[in-house]
Amino acid sequence: MSASQIPSSASVIKDLQAIVGEDKVRSDAEILLSHGRDWTKVHTPAPLAVVFPRTVAEVQAIVKLANKLAFAIVPSGGRTGLSGGAVAANGEVVVSFDYMSHISDFDPIDRTVVCQAGVITEQLQDFAEDRGLFYPVDFASAGSSQIGGNIATNAGGIKVIRYGMTRDWVAGLKVVTGNGDLLELNRGLLKNNAGYDLRQLFIGAEGTLGLIVEATMQLTRQPKNLTAFVLGVDDFNGIMNLFNRFQAEMDLTAFEFFSEQALQKVVAHSKVPRPFESVCPYYALLEFECLNDEVEAQAMALFEACVEEGWVSDGVMSQSIEQLKNLWRLREDISETISKWTPYKNDISTVISKVPDFLEAVEKLVTAQYPDFEIIWFGHIGDGNLHLNILKPDDLDKETFFAQCAKVSVGVFEIVEKFGGSVSAEHGVGLLKKDYLTYSRSETEIALMRQVKQIFDPKGLMNPGKIFD
C-alpha cells in the first residue's frame, strides 16, 4: 500500500463503526488511556481507537478490515498484565472484549462451560460455585482479569501447586487468526490425538497469533473446608524445609511466601491484622483441605514438629472462613498495596529446589547495585515462581528509576540464565521482557516462534512488538 493509499484515522474509525455500530468505537482521550494500557506504567498509551465487538463475526470482520487497511490490532481484556502485553503505544486499534462476556453451554457431566473471551475470572468462579463445582485458577486480579487474557498469558496464580496453570483447564478454543480465519480447536475433548494440538500454541501466545474469542473451560469438584497456616520463619531455608515436610505428608492446595516488608505494607494499607505478634523475616502461607479431625491433627502435628526443628518461630491456623480470608489477604493484597510506589516488577522462576540460592543471588545483586531501594519479595514457592518488586523512592522520577532498574535487570536475568530459569514465569513477555528473551529461550527456539507467527499472522498485525519485534 503506497503512502497515498494509507487510510486516514477518520476513515478507519468510520469503517469500524460500520462493523460494530457508532457507539462501539471510541476515540476519546479517557478511553484511549484506560484501554491502551495494562498495569505497567513504563509506556505511554497511544492507540488510534478502541472497538468493542459483541460477536465472533464482528471480530472476524475487524481482523479482515485490518488486513485490508493494514492497521495493527492490540487485544484488550482486563488489562491486569504486568509485562506491557496489552499496551497500545503506536496507533494500533484496541479490540476490547468487554461486551463479549456471556457464559453458556454448561454440561454437568463433562464439567465444562463455554465462555466468551470477556468473561471475568471471578464470574466464572462464581458460576462454577453456584453449580457445586470449582474453577481453580485464582489470583489477586480475579475480579477484573478476563478469561481471554488469562488464556493468552497462560495465567498461573496461587494454586498452581495443586491445580496447574490456565493451560490445564482449557478444553477447547475458538480463535480468529491474523488472516481473519476462525478456528475451532479441540472442541472440549479429553482425548484427541488427531495431529498437532494448535490450541496449545494460542495459550500463552499473548495475542500475537490471533484473537481468542471463546473458550470451553473445564471445571472440577469444590475443595472442602479449606484451611490455612501462616508461619513465621527466620530464614529462607526454613521456608524450603517447611515446604518439603508438609508436601511429603499432605496434599497442599497452595504454598506461598512473603517478606516482613511486604506484610508491613499490607497491614498499614489494608488494615488487616498481623497474623501474630512475632516479627519474622519471612512468612509461609500454606493451604490444605481439612477434611476431618484426623487431617487437622496431622496438620497440627506437622506444625509442632517444624517448631521443634527450629524452622518456625510462630504461626497461626485459620479457624473460620473469615480468618482464612484475612490470612490470604496478607498475601493477595501485596500487589495492590505497593502499586503507589510505582514498583519495578520482575516475575522470574527456577526449579523449586534452587529457589533459596536463586533468591539470595538476586537479592545480593540488587542490594549491591542500589542499596537505597526497598525490595519487596513474595511468590509461589510451590512452583518456583518469585516476584521481585523494587519500590521507587519518592524523590526519584519515574523515568530515572526505570532506567536504573533496567540496568540491574540484565544482571538479574544473567542469574536466571545461570539457574536455568525463566525471565517470565506467569505474566508473559510483552514489551518489557522481549529484550531478555534470549536468557530463557535459545536462538533456534526464537526463530521457530517467528516462523509460527508468520503462519498465523503473515502481515504482522496481531499485537505487534510483543514477545519479539
Side-chain angles (χ1 to χ4, degrees), residues 111 125 128-129 131-140 142 154-171 190 217-233 237-258 275 282-309 311-312 315-321 323-332 349-356 378-386 425-426:
R111 290 181 173 177
Q125 292 170 340
E129 184 177 1
R131 287 150 184 82
L133 293 171
F134 185 56
Y135 180 66
V137 181
D138 197 13
F139 27 73
N154 188 28
I158 58 177
K159 298 184 187 291
V160 171
I161 184 176
R162 173 73 173 271
Y163 296 106
M165 307 278 278
T166 297
R167 182 185 305 279
D168 300 295
W169 298 92
V170 181
L190 287 175
M217 305 303 294
Q218 194 77 50
L219 306 176
T220 190
R221 73 163 181 86
Q222 287 183 343
K224 299 176 181 178
N225 195 25
L226 287 174
T227 303
F229 277 114
V230 169
L231 307 176
V233 300
N237 284 321
I239 286 183
M240 299 308 296
N241 290 332
L242 281 174
F243 174 73
N244 292 336
R245 187 64 177 269
F246 273 88
Q247 180 80 331
E249 300 191 37
M250 299 186 69
D251 292 325
L252 300 177
T253 55
F255 193 103
E256 302 284 297
F257 92 99
F258 49 92
Y282 297 105
Y283 301 86
L285 189 159
L286 52 146
E287 183 188 70
F288 58 96
E289 290 184 87
C290 195
L291 299 175
N292 49 49
D293 291 343
E294 183 179 344
V295 173
E296 182 176 2
Q298 180 188 22
M300 287 304 299
L302 284 171
F303 164 67
E304 292 166 2
C306 291
V307 172
E308 291 176 4
E309 291 283 358
W311 302 335
V312 175
V316 62
M317 185 172 77
S318 63
Q319 301 297 318
S320 66
I321 294 295
Q323 190 177 17
L324 174 69
K325 290 179 178 178
N326 281 335
L327 291 180
W328 265 114
R329 286 191 64 189
L330 298 175
R331 162 64 182 86
E332 286 287 82
S349 69
T350 187
V351 295
I352 298 170
S353 60
K354 296 180 180 178
V355 165
F378 62 92
H380 321 289
I381 294 301
D383 53 43
N385 180 191
L386 304 178
E426 63 177 354

Can you list, pair by pair, the side-chain donor-acceptor contacts under 3.5 Å of residues 222-231, counting residues two or more places apart and other chains?
unit_1, atom_1, unit_2, atom_2, d
Q222, NE2, E129, O, 3.3
Q222, NE2, L133, O, 3.2
N225, ND2, C290, O, 2.8
T227, OG1, N225, O, 3.1

Legend entry - Rounded distance (nearest 0.5 Å) linking atom NZ of K159 with atom CZ of F139: 12.5 Å
Inset, instruction - Taking all non-hydrogen atoms of both residues into account, name the closest pair between V355 and G384 and its distance. - result: CG2-CA, 3.8 Å
Legend entry - Check: V137 main-chain N/O paired with Q125 side-chain donor or acceptor under 3.5 Å: yes
Legend entry - Between CD1 on residue I381 and CG on residue L252, distance to nearest 0.5 Å: 12.5 Å
Inset, instruction - Check A305 against R245 and note the closest heavy-atom contact, atom names and distance. - result: CB-NH2, 3.8 Å
Legend entry - I161 and Q247, any side-chain heavy atoms less than 4.5 Å apart: yes
Inset, instruction - Calculate, to the nearest 0.5 Å, the distance between atoms CZ and CZ belonging to R111 and F134 respectively. - result: 12.5 Å
Legend entry - Check: N154 main-chain N/O paired with E426 side-chain donor or acceptor under 3.5 Å: no
Legend entry - Any donor-acceptor pair under 3.5 Å from W169 side chain to T220 backbone: no
Legend entry - Closest heavy-atom pair and its distance - V295, M250: CG1-CE, 3.9 Å
Legend entry - Smallest separation among heavy atoms of F257 and I239, with atom names: CB-CD1, 3.9 Å
Legend entry - Atom pair CG/CZ of D251 and F246 - distance to nearest 0.5 Å: 13.0 Å
Legend entry - Side chain to side chain, E309 and N241, heavy atoms closer than 4.5 Å: no
Legend entry - Minimum side-chain heavy-atom gap W328-L285 below 4.5 Å: yes
Inset, instruction - Decide yes or no on side-chain contact (heavy atoms from CB on, under 4.5 Å) for V316 and Q323, but give the supporting numbers first. - result: CA-CA 10 Å; V316 62; Q323 190 177 17; 3.6 Å; yes
Legend entry - Atom pair CZ (F288) and CD (Q298), whose distance is rounded to the nearest 0.5 Å: 9.0 Å
Inset, instruction - Indicate yes or no for a side-chain donor-acceptor contact from T166 to the backbone of A155 under 3.5 Å, with no hydrogens or angles considered. - result: yes
Inset, instruction - Compare every heavy atom of E256 with every heavy atom of I158, then report the nearest pair and how far apart it is. - result: O-OE2, 3.6 Å
Inset, instruction - Decide yes or no for I352 and M240: does some side-chain heavy atom of the first lie under 4.5 Å from some side-chain heavy atom of the second? - result: yes
Inset, instruction - Indicate yes or no: does E287 engage R162 in a salt bridge with an N to O separation below 4.0 Å. - result: no
Inset, instruction - Supply the atom-to-atom distance M165 CE to D383 CG, rounded to the nearest 0.5 angstrom. - result: 7.0 Å
Legend entry - Residues that F255 engages under ring-ring contact (aromatic ring centres under 6.0 Å, His included), provided they are two or more places apart: F243
Inset, instruction - Salt-bridge test for E289 and R221: reply yes if a basic N is under 4.0 Å from a carboxylate O, no otherwise. - result: yes
Legend entry - Exercise: identify the closest heavy-atom pair between F303 and G315: CE1-CA, 4.1 Å
Inset, instruction - Report yes if some heavy atom in the side chain of H380 is under 4.5 Å from a heavy atom in the side chain of R331; otherwise report no. - result: yes
Legend entry - M217 vs V170, side-chain contact (heavy atoms from CB on, under 4.5 Å): CA-CA, chis, key distance, verdict: CA-CA 5 Å; M217 305 303 294; V170 181; 4.0 Å; yes
